[in-house]
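Worth knowing before you read on, the calculation uses all heavy atoms, side chains too, and leaves out hydrogens, waters and symmetry mates.
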Amino acid sequence: FSGYSQLRRALQQLVKDRLGSVKEAEAEAEAGALKQTVDLGRLSLGSVLTAQNRLALERAVELLLQADRIVVQSGLGMDGIDSYFASGLRALGLNACPASPGLSREIFELDEKSALFIVSGGFFSQLSAPARYAREKGAQVLALADDEAAPVGRYADVMLLGKGIIALAALMEALFTALENSCGRSLDTNLAELDALHREFDTYESGES
């Protein structure tokens with residue numbers, strides 16, 4: 001180099017080129033992961049579009065609307081889905097609650113006027129016993145599973161099938177939509193009204209300092 005300034009410019013350009021290469025590689029990796037997720041999502045959603053699911057969806061809506069009480073239980077790896085689905089059912093005016101794993105108090109209180117809704121992912125432990133108990137008590141058993149061979153299937157009156165969490169989530173949303181159409185209520189409208197009531201009555205006023 002003829003001088004320090006030329007060396008400095010060369011180093012700056014080198015660092016810029018290296019950083020640019022790293023950012024491009026990171027962007028390509030992120031794009032690859034996103035594309036892979038989207039592609040898997042398309043395959044997952046495609047698995048729910050079956051004649052069996054269409055008929056099962058109609059029957060599931062019928063049983064849920066007839067039940068005086070609905071208990072929702074999820075399997076391993078599906079934590080929180082039971083609470084989400086139960087809260088959506090409550091927002092539509094149905095008497096629903098999530099259940100703790102296994103033969104919980106909520107399961108023991110099932111009777112012939114109740115329904116047990118089971119969400120099963122790829123792991124099936126702690127689900128067969130509640131399903132069998134509910135069936136013996138005369139309750140309706142509905143299963144949402146990603147495998148037709150899921151053990152809960154032998155006790156289920158209705159079984160909805162979808163491969164992967166995206167498919168299971170889509171089936172739950174389809175159930176909400178079908179329930180809205182059948183009962184004449186809007187989930188979004190009801191939630192908005194509940195939110196407005198919460199804001200009106202569950203507020204705190206700041207105290208005087």
Side-chain angles (χ1 to χ4, degrees), residues 44 47-183 185 187:
S44 182
S47 71
V48 310
L49 298 175
T50 65
Q52 177 184 346
N53 274 343
R54 181 177 60 80
L55 295 174
L57 189 67
E58 293 175 0
R59 180 61 176 154
V61 169
E62 180 184 344
L63 294 180
L64 289 173
L65 291 177
Q66 288 176 352
D68 289 346
R69 182 167 174 270
I70 303 165
V71 175
V72 185
Q73 188 173 54
S74 59
L76 290 173
M78 311 295 286
D79 300 338
I81 287 183
D82 50 353
S83 296
Y84 167 76
F85 191 67
S87 65
L89 294 177
R90 287 197 302 274
L92 287 172
L94 302 178
N95 181 19
C97 69
S100 305
L103 288 170
S104 62
R105 176 182 58 80
E106 296 86 2
I107 301 296
F108 281 126
E109 293 176 351
L110 290 171
D111 57 27
E112 65 277 0
K113 295 181 180 180
S114 305
L116 173 63
F117 189 94
I118 289 180
V119 184
S120 171
F123 304 98
F124 309 126
S125 62
Q126 295 185 314
L127 292 174
S128 293
R132 186 181 67 179
Y133 179 84
R135 193 67 179 271
E136 291 174 354
K137 296 289 287 185
Q140 300 293 327
V141 179
L142 301 87
L144 182 60
D146 72 350
D147 193 332
E148 194 168 6
V152 295
R154 72 183 71 146
Y155 307 110
D157 297 284
V158 177
M159 192 166 184
L160 291 156
L161 295 171
K163 292 292 183 182
I165 184 63
I166 295 176
L168 297 182
L171 285 170
M172 281 191 284
E173 291 303 314
L175 268 172
F176 284 143
T177 299
L179 285 166
E180 285 178 321
N181 294 336
S182 294
C183 65
R185 302 187 187 102
L187 182 59

Would a 4.5 Å heavy-atom cut-off, applied to side chains only, mark [X] and [Y] as touching?
{"X": "F85", "Y": "L175", "result": "yes"}
{"X": "E106", "Y": "S100", "result": "yes"}
{"X": "V72", "Y": "C97", "result": "no"}
{"X": "I81", "Y": "M172", "result": "yes"}

Short question: side chain of [X], backbone of [Y] - any donor-acceptor pair under 3.5 Å?
{"X": "Q73", "Y": "G102", "value": "yes"}
{"X": "R135", "Y": "Y155", "value": "yes"}
{"X": "D157", "Y": "V141", "value": "yes"}
{"X": "D111", "Y": "G138", "value": "no"}

Atom CD of Q66: over 12 foreign heavy atoms under 6.0 Å: yes
For a side chain to side chain contact (heavy atoms under 4.5 Å, CB included) with I118, tell me which candidate from L142, L144, L127, V71 qualifies.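 The option that passes is L127.
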Nearest atoms (heavy-atom pairs only) where [X] meets [Y]:
{"X": "I107", "Y": "A99", "answer": "CD1-CB, 4.2 Å"}
{"X": "N53", "Y": "M159", "answer": "OD1-O, 4.4 Å"}
{"X": "S114", "Y": "A67", "answer": "C-CB, 4.3 Å"}
{"X": "L89", "Y": "A96", "answer": "CB-CB, 3.7 Å"}
{"X": "G164", "Y": "D146", "answer": "N-CB, 3.8 Å"}
{"X": "A143", "Y": "V152", "answer": "CB-CG2, 4.0 Å"}

For the atom pair [atom1] ([X]) and [atom2] ([Y]), what is the distance rounded to the nearest 0.5 Å?
{"X": "L94", "Y": "D68", "atom1": "CG", "atom2": "CG", "result": "11.0 Å"}
{"X": "Q140", "Y": "I70", "atom1": "CD", "atom2": "CD1", "result": "11.5 Å"}
{"X": "N181", "Y": "F176", "atom1": "CG", "atom2": "CZ", "result": "13.5 Å"}
{"X": "R154", "Y": "R132", "atom1": "CZ", "atom2": "CZ", "result": "9.5 Å"}
{"X": "L171", "Y": "L57", "atom1": "CG", "atom2": "CG", "result": "7.5 Å"}
{"X": "K137", "Y": "L110", "atom1": "NZ", "atom2": "CG", "result": "8.5 Å"}

Evaluate the ring planes of F108 and Y133, with Trp represented by its six-membered ring, and classify them as parallel (under 30°), tilted (30 to 60°) or perpendicular (over 60°).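 Aromatic pair F108/Y133 classed perpendicular.
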Scan side-chain atoms only and decide if T50 and Q52 contain a donor-acceptor pair under the 3.5 Å cut-off.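 Side-chain D/A pair, T50 to Q52: absent.
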Provide the full list of salt bridge (charged side-chain N to carboxylate O under 4.0 Å, His left out) pairs with a residue in residues 69-89, sequence neighbours left out, each pair given once. R69-E109
Which residues pass the side-chain contact (heavy atoms from CB on, under 4.5 Å) test with L55, sequence neighbours left out?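 Once residues adjacent in sequence are excluded, the partners of L55 under the side-chain contact (heavy atoms from CB on, under 4.5 Å) criterion are E58.
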